Amino acid sequence: MVSATAPRKVIEAVADALTWLDPSPADAVDTKEESRTLWRIDAYASDFDTAYGCAGIMELIAPDLNPVVQELEDMDWVAMSLEGLPAVHAGPFVVAGAHQLAKGHPGRIPLWIEAGLAFGTGHHGTTAGCLLALENHARRRKIGKVLDVGTGSGVLAIAAVKRGGTSAIASDIDPVSVRVSQVNVENNKVANQVKLVEAKGTKAKLIQTSAPYDTIFANILAKPLISMSGDLTRVLKPGGVVILSGLLTFQEPSVRGAFAGRGLKLVDRIRRDGWSTLVYQKPITVKPGKKTTRKDDLADLIKALEAGNTDALKAFEGFEDA
């Protein structure tokens, strides 16, 4: 682990360099606020050579920075760091292992996720942000058919169907995550509603044949979010939303530019622990050359409202006179 502390702007610049470098010597990069004036960066690498490579990049970006390289023992640091952590509450959801859930959380939707190798226990700002965004979305319209790209532990797909989604496809490039997610969907008794697939992006046959989706999660990283903006937009249903996370707050402009460029509208934003969650909606468009009457418009509005899309009222011109 390579660590350093500095003012926020310096840490953001260093984190940006390590995150966007392709390929990057860092397997993972995390930043957090240490005090009112200092922020900390932790970069993780698989060996000393790549660790010192991270340190060199840090010093190149910020010559006054003094990164410290620390050897970590060979063990499951993800599980160890999460053992004993309290249950996480995000909106109506409570995310925890079996021991914590057994204590009882009345009025909450339980998400049984044990600490393990796959990302997504609710303790990270990105997962919690996505759960809060899901609840905000569910209050306005039906969740419908769900796609969870980069599912990690499967927690977001599980939460979506427990909150009322009809079905979900959860994918991950990592076979370990797919195996862990399978255990989690079974533990949460949603195996009949959640299908898992090992895949990169949206290219898998199951994902393509099941499109379009009412709700899409993509809790990954800023760079792949940008590169996947077109693919995610294509499999998103008109009127549907895509919930994006895995980006630090200073990475928002690039991600927002990519999705706004696809014609999507930003409808919600949540910031938590230095991370951002962005929610975009795909507009309902009329096919080129198709002429509609006021009767047609009213019929489309009624269908949208029956589907739970109350946002359609905002887009309907002259409703008060109809």
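These numbers were taken from a predicted model, which means no experiment stands behind them. Just the heavy atoms: all of them, side chains too, but no hydrogens, waters or symmetry mates, feed the values below.
The stretch residues 140-197 participates, sequence neighbours left out, in no ring-ring contact (aromatic ring centres under 6.0 Å, His included) pair at all. The ring-ring contact (aromatic ring centres under 6.0 Å, His included) pairs that include a residue from residues 220-264 are Phe259-Tyr280, where partners are two or more places apart or lie in different chains.
Heavy-atom minimum distance, Pro67 versus Met58: CB-SD, 3.7 Å. Closest non-hydrogen pair, Ile11 versus Ala4, comes out as CD1-O, 3.9 Å. Annotation for Val242 and Leu264: closest pair CG1-CD1, 4.0 Å, computed over non-hydrogen atoms. Here the shortest heavy-atom pairing between Met1 and Leu72 reads CB-CD1, 4.0 Å.
With sequence neighbours excluded, the residues that form a side chain to side chain contact (heavy atoms under 4.5 Å, CB included) with Ser46 are Asp27, Thr50. Here Lys223 pairs with Trp20, Asp22 under the side chain to side chain contact (heavy atoms under 4.5 Å, CB included) rule; sequence neighbours left out. Under the rule for a side chain to side chain contact (heavy atoms under 4.5 Å, CB included), the partners of Asp172 that lie at least two apart in sequence or sit in another chain are Thr151, Asp174, Ser177, Val178. The side chain to side chain donor-acceptor pair (under 3.5 Å) search around Trp39 returns none, not counting sequence neighbours. Among residues two or more places apart in sequence or in another chain, the side chain to side chain donor-acceptor pair (under 3.5 Å) test is passed with Asp268 by Asn136. Applying the side chain to side chain contact (heavy atoms under 4.5 Å, CB included) test to Leu60 and every residue at least two apart in sequence or in another chain returns nothing. Applying the salt bridge (charged side-chain N to carboxylate O under 4.0 Å, His left out) rule to Arg179 yields no partners; only residues at least two apart in sequence or on another chain are considered.
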Side-chain donor/acceptor pairs under 3.5 Å, residues 225-237, sequence neighbours excluded:
| unit_1 | atom_1 | unit_2 | atom_2 | d |
| --- | --- | --- | --- | --- |
| Ser227 | OG | Pro224 | O | 3.0 |
| Ser229 | OG | Ile226 | O | 3.0 |
| Ser229 | OG | Arg262 | NE | 3.2 |
| Asp231 | OD1 | Lys203 | NZ | 3.4 |
| Asp231 | OD1 | Arg234 | NH2 | 2.5 |
| Thr233 | OG1 | Ser229 | O | 2.7 |

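As a member of the Ile/Leu/Val/Met/Phe/Trp/Tyr network built from side-chain separations under 4.5 Å, Leu221 groups with nothing else and remains a singleton. Taking a 4.5 Å side-chain heavy-atom cut-off between Ile, Leu, Val, Met, Phe, Trp and Tyr, the cluster of Ile270 extends to Leu132.
Crowding of Asn192 atom CG: a count of heavy atoms from other residues, nucleotides or ligands under 6.0 Å not exceeding 12. When the shell of 6.0 Å around NZ of Lys162 is examined, it contains more than 12 heavy atoms from other residues, nucleotides or ligands.
Ile143 places a side-chain heavy atom less than 4.5 Å from the side chain of Leu134. For the pair Val255 and Glu252, the minimum side-chain heavy-atom distance is 4.5 Å or more. A heavy-atom distance below 4.5 Å is not found between the side chains of Lys265 and Pro283. Residues Leu38 and Pro7 are in side-chain contact: their nearest non-hydrogen atoms beyond the backbone lie under 4.5 Å apart. With contacts defined as side-chain heavy-atom distances shorter than 4.5 Å, the pair Ile41/Asp30 does not qualify.
In this structure, the separation between CG on Leu156 and CG on Leu111 is 9.0 Å, given to the nearest 0.5 Å. With rounding to the nearest 0.5 Å, the separation of OG in Ser276 from CG in Leu247 is 5.0 Å. We find the CG-CG distance between Leu244 and Asn219 to be 9.5 Å, quoted to the nearest 0.5 Å. To the nearest 0.5 Å, the span separating CH2 on Trp112 from CD on Glu186 amounts to 10.5 Å. Atoms NZ and OG1, on Lys142 and Thr215 in that order, are 12.5 Å from each other to the nearest 0.5 Å.
One N or O on the side chain of Asp214 and one on the backbone of Lys145 form a donor-acceptor pair closer than 3.5 Å. A distance-only check finds no donor-acceptor pair linking the side chain of Gln281 to the backbone of Val267 [under 3.5 Å]. Checking side-chain atoms of Ser181 against main-chain N and O of Gly152 turns up a donor-acceptor pair under 3.5 Å.
Here the options are Thr126, Thr277, Thr127, the test is side chain to side chain donor-acceptor pair (under 3.5 Å), and the partner is Ser245; only Thr277 passes.
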* To do: Could you walk me through whether Val161 and Val194 pass side-chain contact (heavy atoms from CB on, under 4.5 Å), step by step?
  => CA-CA 8 Å; Val161 297; Val194 181; 4.0 Å; yes
